[in-house]
Amino acid sequence: MKVLVVGGGGREHALVWKIAKSPLVKEVIAAPGNAGIAGQARCEPISADDLNALVEFSVNEAVDLVVVGPEAPLVSGLADRLTKKGIRVFGPSAAAAKLEGSKAFAKDFMQRHNIPTASYMVHDALDAALYDVEHRRRACVVKADGLAAGKGVFLCRNSYEARDVLRGMMEERQFGAAGQKVIIEDWLEGEEVSVLAICDGERFVTLIPAQDHKAAYEGDTGPNTGGMGAYAPAPLITPEIEHHIVQGVIKPTLQGMAQDGTPFRGILYAGLMFCDDKPYVLEYNVRFGDPECQPMMAMMDEDIVPLLVAAADGKLEQPAVKWLPGAALCVVLACEGYPGPYEKGMRIEGLDAAEAKSDVVVFHAGTKLDSSRLVTSGGRVLGVTARGSTLVDAARLAYGAANEIHWKGMRMRRDIGHRAL
Ligand code: AMP
Ligand code: GLY
């Protein structure tokens, strides 16, 4: 088989690494990929947002399976366009990807299908939104409706904070069109967990529970990022809790999407808050988490390709996925300044020493080759991932390897996994 992976981050490197191991696969291609992915796949300089070029390329190359990493092309309809051309794709249709593409759509969907979520209001006029927060006694969360690269969510302790956020979104258009509609919802307190499932429109298999660390600094402080590290399995999600989430969230979501005529195929990622022993959905994502995907791929004890093909074809029959024993942990190495502005083009050193360590794999995110030297080209640069017999062991191995790597301004969180260690 010829498989095309769309995207060029750490998540896509982990997918390419796993897919390339499949005996069913002759060639892996990545668009656009990155300097690390280039070691395992042919990289084509096509942006993940260039739908026309991706479709044309897939047809010309007679690709057997397209695996879409990021959400934006899915929300724009990449899966629909590939399907129309007879190309098999792992990822939801645009109609199903609205679960992530529009938070207002997701909230209305949950309300209609009795899926627990924080109570909310949707506004597209600033006056009404301001009136709503004035009359709300409790702390609230203000969210931009559309895609905002994970930056469109604000926890507001009082109405003053909420008003500022609303003005920024709706008046100053901080998030462009994505913030013209907003959701104001109750601030839920509890334990945050996520559950991911591979879905075929009707059936599903859950993936190993993983936990990411979104905050930039140690102790879960500082601004939210895409994720500074992750580990799997996450002991917080016991089999009982997972059962609860499957029954209360995953099943009704898939049933609801099928009933509404927009069956969900691909990765359903439910971000949840556990309050009073009940899971409330904070958000849906329609793709693997980044960096959660990195430890997940390190732990998967079977060929991923038949799973992706079965889900894409609507024929997912196996009841569960096999996982290796032990645990895996990924530490993200980022640039100073991230998630704010940062410098690019820093020379990366020590990668060979890190990769020489056993049970360690370094997934690339923002890297590129500059006259055959590896340099930084993004905020999150590398994801040093290790598997060990326990989570403590995995953390020791991952940090041991991460300590070999350096560049000017390199930064990492030193406490990934701390909640579970
Ligand atoms: P979202 O993109 O909607 O998941 O929001 C990003 C982050 O904001 C989540 O991972 C939570 O940490 C936090 N968050 C979102 N909604 C709520 C809520 N209703 N109550 C408390 N925290 C929330
Ligand atoms: N790590 C969180 C996400 O991918 O959305």
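Both counts, for ligands and for their atoms, begin at 1 and track the order of listing.
Remark: ligand 1 atoms within the under-4.0 Å shell around heavy atoms of E185 are 16 (N), 17 (C), 18 (C), 19 (N). Near K214, meaning under 4.0 Å from one of its heavy atoms, ligand 1 places the atoms 10 (O). Residue contact check: G289 has heavy atoms under 4.0 Å from atoms 4 (O) of ligand 2. Less than 4.0 angstrom separates some heavy atom of D186 from each of these atoms of ligand 1: 18 (C), 19 (N), 20 (N). Here is the list of ligand 1 atoms found below 4.0 Å of a heavy atom in L155: 21 (C), 22 (N), 23 (C).
Closest heavy-atom approach to atom 15 (C) of ligand 1 within the set E189, K143, E283, K151: this belongs to K143. The closest non-hydrogen atom to atom 10 (O) of ligand 1, taken over K103, M273, E192, comes from E192.
Looking only at protein heavy atoms, the nearest one to atom 3 (C) of ligand 2 is R287 NH1, 3.4 Å. Among protein heavy atoms, the minimum distance from atom 2 (C) of ligand 2 is reached at D212 OD2, 3.3 Å.
Contact check on K21 versus D303 returns no salt bridge, with no Lys/Arg side-chain nitrogen under 4.0 Å from an Asp/Glu carboxylate oxygen. Using a cutoff of 4.0 Å between basic side-chain nitrogens and carboxylate oxygens, E185 and K107 are scored as salt-bridged. Under a 4.0 Å N-O distance rule, the pair D220/R413 qualifies as a salt bridge.
Side-chain contact between L272 and E192 is absent, with no heavy atoms from C-beta onward closer than 4.5 Å. Using a 4.5 Å cut-off on side-chain heavy atoms (C-beta onward), E171 and L166 make no contact. Residues R411 and M228 meet the side-chain proximity criterion, which asks for heavy atoms closer than 4.5 Å.
When heavy-atom distances to ligand 2 are checked against a 4.0 Å cut-off, H213 has no atom that comes that close, whether in backbone or side chain. Residue-level proximity to ligand 2 for R11 is absent, since no heavy atom of it falls below 4.0 angstrom.
F90 pairs with exactly one of V68, I267, V66, V309 by the side-chain contact (heavy atoms from CB on, under 4.5 Å) rule, that one being I267.
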